[in-house]
Colleague: 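Take this structure, written in structure tokens, and hold onto it; I'll ask about it next.
Every chain is numbered from 1 and lettered A, B, ... according to where its sequence line falls, protein lines coming before strand lines.
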There are 2 protein chains.
Amino acid sequence: MLPLDDYVPYLLNRAGARIAVSFSEAVRPMGVTLPMWRALAALTDRDGQTVGELSSRTSIEISTLSRVLDGLQRRKLVERKRAEDDARVVTLRLTPAGRTMVRRVMPIAERYERVAIAGLSSRDVATLKRLLRALYANMDGLAPRP
Amino acid sequence: MLPLDDYVPYLLNRAGARIAVSFSEAVRPMGVTLPMWRALAALTDRDGQTVGELSSRTSIEISTLSRVLDGLQRRKLVERKRAEDDARVVTLRLTPAGRTMVRRVMPIAERYERVAIAGLSSRDVATLKRLLRALYANMDGLAPRP
DNA sequence: GGCATATATTTGCATTTGCAAATATATGCC
DNA sequence: GGCATATATTTGCAAATGCAAATATATGCC
């Protein structure tokens with residue numbers, strides 16, 4: 001039997017959790033949480049996503065995301081608007097303040113990326129990203145059925 | 001600026017969270033949660049650890065772990081005992097029922113390991129483990145100061 | 001057009017979490 | 001030995017989470 005710290009799922013969660021805790025602490029002074037940052041970053045990638053799209057993209061559970069959006073909206077970083085073509089969906093847009101916040105937090109995110117991969121060759125980094133995507137995809141079939 | 005899904009911290013959390021959710025679901029019928037399983041597995045590696053040791057080893061926050069242990073003790077899978085030499089610490093031991101539970105859950109854990117790394121060469125798996133350990137170590141300096 | 005069914009989002013509620021305070025014991029110093 | 005300080009664990013409490021139910025809107029069929 002493998003010791004706990006030879007299991008990929010454990011190693012993965014352990015590393016992920018540590019980075020998450022550390023990054024959260026770093027951005028707290030700016031008044032954003034990690035899920036908030038994920039939402040802001042994903043909206044920077046593509047503005048005007050719906051709540052459902054953003055949920056898939058960020059892997060934030062949709063009811064949790066709804067409340068994260070409450071916070072972002074209250075702080076006027078994000079705008080919610082019922083879509084014109086399909087009023088079941090709500091589209092999300094960064095406000096100018098939201099974009100400013102992204103510009104302020106981005107350097108921290110980049111610093112954490114750099115710290116995380118410090119000492120790894122760029123080849124290693126490429127491999128790591130590839131493997132993490134593969135792992136995620138591998139779990140597709142086993143995810144809770146909708 | 002990188003899109004969200006090129007950031008290592010994001011890829012890491014995403015993959016880790018998906019495996020965690022899926023595994024949790026798989027072991028729920030046996031009445032164990034993921035943190036419970038981690039504790040049981042770590043105690044299988046080495047019996048008689050203290051609560052603090054187990055907390056570091058599993059990366060479960062110590063007050064959370066204390067409550068996880070409440071559950072494991074209530075279900076008679078783990079025994080708590082004040083250490084004889086230093087009565088500040090509590091040592092933890094698997095009961096026979098605890099060992100039985102480990103034997104029952106182990107195949108599921110092994111299946112998840114296999115599914116996670118499906119399609120990866122054994123070289124890739126070795127690389128992945130090495131990189132995940134490196135990442136974890138890299139965050140050492142940035143972790144919240146004690 | 002009106003009703004039944006489908007999809008998207010939010011809200012209610014119970015559970016889990018983590019920090020900080022409380023408790024228990026140990027060690028060092030007088 | 002007794003008190004001050006240090007270490008280990010548990011408990012109180014508030015915040016975050018996820019599931020399921022409630023709400024809002026759409027679509028298909030008659």
Side-chain angles (χ1 to χ4, degrees), chain A residues 13-14 16-18 20-25 27-28 31-39 43 48-75 78-93 143-146, chain B residues 13-14 16-18 20-25 27-28 31-39 48-74 78-93 143-146:
Chain A
N13 266 285
R14 187 182 71 161
R18 188 176 261 193
V21 166
S22 195
F23 179 80
S24 298
E25 192 180 275
V27 296
R28 186 166 34 215
V32 288
T33 62
L34 178 54
M36 280 179 175
W37 166 247
R38 290 227 178 99
L43 287 172
Q49 289 178 77
T50 68
V51 177
E53 285 165 353
L54 191 62
S55 170
S56 329
R57 195 133 170 38
T58 57
S59 299
I60 300 172
E61 197 276 338
I62 196 162
S63 69
T64 300
L65 179 58
S66 180
R67 280 177 272 239
V68 168
L69 291 170
D70 289 347
L72 290 172
Q73 190 175 35
R74 192 168 37 70
R75 304 197 40 215
V78 163
E79 270 177 7
R80 269 169 165 140
K81 206 174 68 170
R82 284 271 162 200
E84 289 168 16
D85 51 338
D86 181 347
R88 288 173 305 180
V89 302
V90 171
T91 57
L92 304 166
R93 290 186 189 287
R145 286 137 277 149
Chain B
N13 267 284
R14 188 182 70 160
R18 188 175 262 193
V21 166
S22 195
F23 179 79
S24 298
E25 192 179 274
V27 296
R28 186 166 35 214
V32 289
T33 63
L34 178 54
M36 280 179 176
W37 166 247
R38 290 228 178 98
Q49 290 178 76
T50 68
V51 177
E53 285 165 352
L54 191 63
S55 169
S56 329
R57 194 125 163 47
T58 56
S59 300
I60 300 173
E61 197 276 338
I62 196 163
S63 69
T64 300
L65 179 58
S66 180
R67 279 177 272 240
V68 167
L69 292 170
D70 289 347
L72 290 172
Q73 190 176 33
R74 192 167 35 71
V78 163
E79 271 177 7
R80 269 169 165 141
K81 206 174 67 171
R82 285 270 161 201
E84 288 168 16
D85 51 338
D86 181 349
R88 289 174 304 179
V89 303
V90 172
T91 57
L92 304 167
R93 290 185 189 287
R145 286 136 276 152

Colleague: Output yes when a side-chain donor or acceptor of B:S22 lies under 3.5 Å from a complementary backbone atom of B:R18, and no otherwise.
Modeller: no
Colleague: Tell me which nucleotide, if any, is Watson-Crick or G-U wobble paired with C:dG1 when both distances must be under 3.5 Å.
Modeller: D:dC30
Colleague: Would you give the length of the straight line joining atom CG of A:L43 to atom CZ of A:R38, rounded to the nearest 0.5 angstrom?
Modeller: 14.0 Å
Colleague: What does A:T33 touch in the nucleic acid at a heavy-atom separation under 4.0 angstrom: a base, only the sugar-phosphate, or nothing?
Modeller: nothing
Colleague: Given D:dT10, is OP1 or OP2 found less than 4.0 Å from the side-chain N or O atoms of B:R80?
Modeller: yes
Colleague: Find the distance A:D86:CG to C:dT9:C1' and express it as a whole number of Å.
Modeller: 12 Å
Colleague: Looking only at side-chain N and O atoms, does A:R67 come under 4.0 Å of OP1 or OP2 in D:dG18?
Modeller: no
Colleague: What are the two closest heavy atoms between B:A39 and B:L72, and how far apart are they?
Modeller: CB-CD1, 3.9 Å
Colleague: Take the protein atom CD of A:E53 and the nucleotide atom P of C:dT7, then report the distance between them rounded to whole Å.
Modeller: 16 Å
Colleague: State which of C:dC19, C:dT10, C:dA6 makes the closest approach to the side chain of A:V51.
Modeller: C:dT10
Colleague: Main chain of B:T33, side chain of B:S24: is a donor-acceptor contact present, judged purely on distance under 3.5 Å?
Modeller: no
Colleague: With both distances kept under 3.5 Å, what pairs with D:dA8, Watson-Crick or G-U wobble?
Modeller: C:dT23
Colleague: May I have the distance from B:R28 (atom CZ) to D:dC19 (atom P), rounded to whole angstrom?
Modeller: 8 Å
Colleague: Would you mind reading off the distance between A:D85 atom CG and C:dT7 atom P, rounded to a whole angstrom?
Modeller: 17 Å
Colleague: Under 3.5 Å, is there a donor-acceptor pair between the side chain of B:R57 and the main chain of B:Q49?
Modeller: no
Colleague: Return the value, rounded to whole Å, for the distance between atom CG of B:L69 and atom C1' of C:dT16.
Modeller: 15 Å
Colleague: Between D:dT10, C:dT9, D:dG18, spot the one nearest the side chain of A:E61, thanks.
Modeller: D:dG18
Colleague: Just to confirm, is there a sub-4.0 Å distance from OP1 or OP2 of D:dG18 to any side-chain nitrogen or oxygen of A:T64?
Modeller: yes
Colleague: Among C:dA24, C:dC19, D:dT9, which nucleotide sits nearest the side chain of B:R88?
Modeller: C:dA24
Colleague: Provide, to the nearest angstrom, the distance between the CD atom belonging to B:E84 and the P atom belonging to C:dA26.
Modeller: 12 Å
Colleague: For the side chain of A:A87, starting at C-beta, report the closest nucleotide among C:dT10, D:dT25, D:dT10.
Modeller: D:dT25
Colleague: Whole angstroms only, please: what is the CD-P distance between A:Q49 and C:dA8?
Modeller: 14 Å
Colleague: What is the pairing partner of C:dT15, taking Watson-Crick or G-U wobble pairs with both distances under 3.5 Å in any strand?
Modeller: D:dA16
Colleague: How long is the line joining CD of A:E25 and C1' of C:dC19, in whole Å?
Modeller: 12 Å
